Amino acid sequence: MKYWLVKSEPSSFSWDDLWSSPKRTTSWEGVRNYQARNFLREMKRGDRVLFYHSSAEPNAIVGIAEVAREAYPDPTQFEKKHEMYDPKSTRDDPRWSTVDLKAVRAFPRPLTLPELRDAPGLDKMTLLQKGSRLSVSAVTPEEWRVVTGLAGVSDAG
DNA sequence: GCCAACGTTGGC
DNA sequence: GCCAACGTTGGC
């Protein structure tokens with residue numbers, strides 16, 4: 001099992017939005033960055049995913065989700081009227097992928113960006129790198145252990 | 001609101 | 001293939 005992190009601006013889609021979705025699950029549509037897309041394509045059912053609120057008050061990891069469905073073509077790339085429509089993508093060779101994410105558990109409290117920056121063992125974490133804008137990133141098992149430890153949760157699900 | 005950092009586009 | 005210009009992200 002691998003570990004990941006996804007960012008979302010809560011003003012567009014928050015942890016609470018995920019939690020209140022049918023089956024606590026949503027399709028993670030709209031990723032339009034190749035590196036992030038490649039990570040989506042690597043995800044396996046059951047992989048664990050940290051859910052991060054960006055441009056938020058506070059900026060923080062707020063919960064754990066899991067991969068409920070592995071990568072499939074992002075339908076929004078074919079919808080002409082959709083904001084994320086990509087005229088260069090074809091049905092034969094879809095350019096963009098999405099996965100389904102399911103909320104597993106909320107953190108007891110948000111684990112804020114300053115706390116993450118202060119934590120020993122997270123200095124290499126993609127989220128914390130200067131200028132990192134990647135909306136989907138890989139998390140190492142050690143980083144996962146540190147983050148869930150700080151949050152005071154086990155990963156029992 | 002500012003602006004550094006980044007990814008993408010397009011002219012050459 | 002290079003790289004300047006541009007648009008976007010996202011912390012502050």
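Not measured: the values here are computed from a predicted model.
Residues forming a salt bridge (Lys or Arg N to Asp or Glu O under 4.0 Å) with A/R133 (at least two apart in sequence, or on another chain): none. With sequence neighbours excluded, the residues that form a side chain to side chain donor-acceptor pair (under 3.5 Å) with A/D17 are A/S14. With sequence neighbours left out, the side chain to side chain donor-acceptor pair (under 3.5 Å) criterion links A/S55 to no other residue.
Proximity of residues 116-132 of chain A to DNA chain B (heavy atom under 4.0 angstrom from any strand atom) is restricted to A/K130, A/G131.
Of the options A/R48, A/R105, A/K102, a side chain to side chain donor-acceptor pair (under 3.5 Å) to A/E66 is made by A/R48 and by none of the others. With respect to A/L134, the side chain to side chain contact (heavy atoms under 4.5 Å, CB included) criterion is satisfied by exactly one of A/L5, A/N33, A/L127: A/N33.
A pairwise comparison of heavy atoms in A/V67 and A/K44 identifies CB-O, 3.3 Å as the closest pair.
Chain A approaches DNA chain C within less than 4.0 angstrom (heavy atoms of the protein), and the contacting nucleotides run 5' to 3' from C/dG7 to C/dC12.
Residue pairs meeting the ring pair (Phe, Tyr, Trp, His ring centres under 6.0 Å) criterion with at least one partner in residues 57-112 of chain A, sequence neighbours excluded, are A/Y34-A/W96.
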